[in-house]
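Side chains included, hydrogens not; waters and symmetry mates left out as well; all remaining heavy atoms used. A note on names: the letters A, B, ... follow the listed sequences, proteins ahead of strands, and every chain is numbered from 1. What you are looking at is a predicted structure, and each value in this text was computed from that prediction instead of being measured.
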Number of protein chains: 2
Amino acid sequence: MATPSMEDYLERIYKLIDEKGYARVSDIAEGLEVHPSSVTKMIQKLDKDNYLIYEKYRGLILTPKGKKMGKRLMDRHELLENFLTTIGVHEDNIYKDVEGIEHHLSWDSITCIETLLEYFRRDPNRADELMNVRKELEAEN
Amino acid sequence: MATPSMEDYLERIYKLIDEKGYARVSDIAEGLEVHPSSVTKMIQKLDKDNYLIYEKYRGLILTPKGKKMGKRLMDRHELLENFLTTIGVHEDNIYKDVEGIEHHLSWDSITCIETLLEYFRRDPNRADELMNVRKELEAEN
DNA sequence: TACTTGGCGTAGCCATTGCTATATTTCCCC
DNA sequence: GGGGAAATATAGCAATGGCTACGCCAAGTA
């Protein structure tokens, strides 16, 4: 199984490849706010665990296993961002919160959150009513 | 600042004292599913950081700082349990998921989840409708 | 082709937090 | 009050995942 840290890297790598076609050590490092040496180390681990194939100084490609995982991780990340946005969390807090919790939810929870989002999507009034509750609670204090 | 691990211990200790009046090493260890030796070590750290006062072999008491922190942590834990329950997460997954995410949410997110819970509490139909969405989505697959 | 430079890799350190094995203390019962 | 079991403490090891310092590769330029 992948550790939370490994998931962070894998997700980042998948996203970079998805957007730019390749993932360089320095881009990964910048995105995750770690030093390049930490990236190299982790890439070697991900190679060893067959998430990607890595050639020193040359670059890396994701294996099918890595791609599948990466996509799931990215989708999950987006889902959680949407969720927090929907319930009214301030933009500035969203990225960090998602980053923190995404590795710690069972797929059961993820599915339930997906359902919850769909619930709000199906009838925009529901989100409005949620915001009304918010205003009422705020007015009380 | 307290690390996630420190928060886990502090929360557990607060809860034990709240429920039984005292917190023994072995009870803490059992609750957190770690070995007693790990508990001793962490208690010493929490003492050093002034969350509690610890007397070897004798026991511990929370400082005002520790009590305040502990209460907040326990409240947050309960809120998140209620949240996952409400959206339909299976009982077996709840504890572990909450354990995982509770240390990683901003107070902004916590407040929004509180509001969401209040939203569902105010009109039980809403939870019913959520379950209907769930059934429909399940039927599709 | 040779040099420079920036990107990348390696080695080795540190903190955190768990573990096992082994001491030490306390408590209870006789 | 003494002895043994249970509880607790300590020492030392391991994995994880950062960091710094330093060495190596390779692309571009002269």
Side-chain angles (χ1 to χ4, degrees), chain A residues 1-13 16-17 20-62 66 69-70 73 96 99-104, chain B residues 1-13 16-17 19-62 66 69-70 73 95-96 99-104:
Chain A
M1 259 322 281
T3 63
S5 229
M6 288 163 72
E7 289 191 353
D8 275 335
Y9 280 87
L10 214 42
E11 183 187 327
R12 193 91 230 154
I13 290 166
L16 282 167
I17 292 178
K20 316 197 339 181
Y22 58 90
R24 286 187 313 164
V25 167
S26 48
D27 292 331
I28 301 166
E30 193 184 350
L32 295 175
E33 296 183 281
V34 297
H35 286 236
S37 59
S38 305
V39 175
T40 302
K41 201 194 265 187
M42 184 56 89
I43 287 177
Q44 289 166 347
K45 188 175 187 177
L46 291 171
D47 178 294
K48 194 163 59 64
D49 286 4
N50 294 113
Y51 290 104
L52 50 81
I53 295 164
Y54 163 60
E55 237 181 306
K56 288 207 288 195
Y57 297 108
R58 290 317 187 118
L60 58 87
I61 55 170
L62 290 173
M69 187 74 156
L73 297 173
K96 196 159 151 297
E99 192 71 8
I101 69 177
E102 63 184 340
H103 313 292
H104 301 285
Chain B
M1 261 320 283
T3 63
S5 230
M6 288 163 73
E7 288 192 354
D8 276 336
Y9 281 87
L10 214 42
E11 181 187 326
R12 193 89 230 153
I13 289 166
L16 283 167
I17 292 177
E19 288 172 355
K20 316 197 340 182
Y22 58 90
R24 286 186 314 165
V25 167
S26 48
D27 293 330
I28 301 166
E30 192 184 351
L32 295 176
E33 296 184 281
V34 297
H35 285 235
S37 58
S38 307
V39 175
T40 302
K41 203 192 266 187
M42 183 57 88
I43 287 177
Q44 288 166 348
K45 188 175 187 177
L46 291 172
D47 176 294
K48 195 162 58 63
D49 286 4
N50 294 113
Y51 289 104
L52 50 81
I53 294 164
Y54 164 59
E55 237 181 306
K56 287 207 288 196
Y57 295 107
R58 289 318 190 110
L60 58 87
I61 55 170
L62 291 173
M69 187 75 155
L73 297 173
Y95 190 82
K96 198 160 151 296
E99 193 71 6
I101 69 177
E102 64 184 339
H103 312 293
H104 302 284

Problem - Length of the CG-P vector between B:Leu60 and D:dT8, whole Å - result: 10 Å
What are the atom names and distances for every N/O pair under 3.5 Å that joins the protein to nucleotides 15-18 of chain D?
from   : atom 1 : to      : atom 2 : distance (Å)
D:dG17 : OP1    : A:Thr3  : OG1    : 2.6
D:dG17 : OP2    : A:Lys45 : NZ     : 2.7
D:dG18 : OP1    : A:Ser5  : OG     : 2.7
D:dG18 : OP2    : A:Tyr9  : OH     : 3.1
D:dG18 : O6     : A:Lys41 : NZ     : 2.5

Practice task
Mark up nucleotides 21-29 of chain C, 5' to 3', with B wherever a protein heavy atom is under 4.0 angstrom from a base atom, S wherever such an atom reaches only the sugar-phosphate, and - elsewhere.
Solution key: B--BSS---
Handout entry: Rounded distance (Å) that lies between atom P of C:dC19 and atom CG of B:Leu32
Key = 10 Å
Exercise for the section: Compare side-chain N and O positions of B:Thr40 against OP1 and OP2 of D:dT10 and report whether any pair is under 4.0 Å apart. Expected result: no
Completion exercise
Rounded to the nearest 0.5 Å, the OG1 atom of B:Thr3 sits from the NE2 atom of B:His103 at a distance of 8.5 Å
Handout entry: Separation of C:dC8 C1' from A:Asp47 CG (nearest whole Å)
Key = 15 Å
Exercise for the section: Would you check if B:Tyr9 and B:Ile43 make a side-chain contact, meaning some heavy-atom pair closer than 4.5 Å? Expected result: no
Practice task
Give a yes or no answer on whether the side chain of A:Asp47 reaches the backbone of A:Tyr54 with a donor-acceptor pair at less than 3.5 Å.
Solution key: yes
Exercise for the section: Find the distance B:Glu99:CD to C:dG18:P and express it as a whole number of Å. Expected result: 11 Å
Practice task
First locate atom CG of A:Leu46, then atom CD1 of A:Ile53, and finally report the distance between them rounded to the nearest 0.5 Å.
Solution key: 12.5 Å
Handout entry: Distance in Å, B:Glu30 CD paired with B:Ile28 CD1, rounded so as to fall on 0.5 Å steps
Key = 11.5 Å
Practice task
Output yes when A:Arg12 and A:Asp27 qualify as a salt bridge under the 4.0 Å nitrogen-oxygen rule, no when they do not.
Solution key: no
Exercise for the section: Step through the shown structure and confirm whether more than 12 heavy atoms of other residues, nucleotides or ligands are within 6.0 Å of CD on B:Glu55. Expected result: no
Practice task
Flag yes if more than 12 heavy atoms outside B:Gln44 fall under 6.0 Å of its CD atom; otherwise flag no.
Solution key: yes
Exercise for the section: Drop me the distance from B:Tyr57's OH to B:Thr40's OG1, to the nearest 0.5 angstrom. Expected result: 8.5 Å
Problem - Whole-Å distance separating the CD1 atom of A:Ile28 from the P atom of C:dG9 - result: 10 Å
Practice task
Calculate the interatomic distance between B:Arg24 atom CZ and D:dT8 atom C1'; express it in whole Å.
Solution key: 11 Å
Practice task
By nearest nucleotide on DNA chain D, pick out whichever of B:Ser26 and A:Pro36 is the more 5' one.
Solution key: B:Ser26
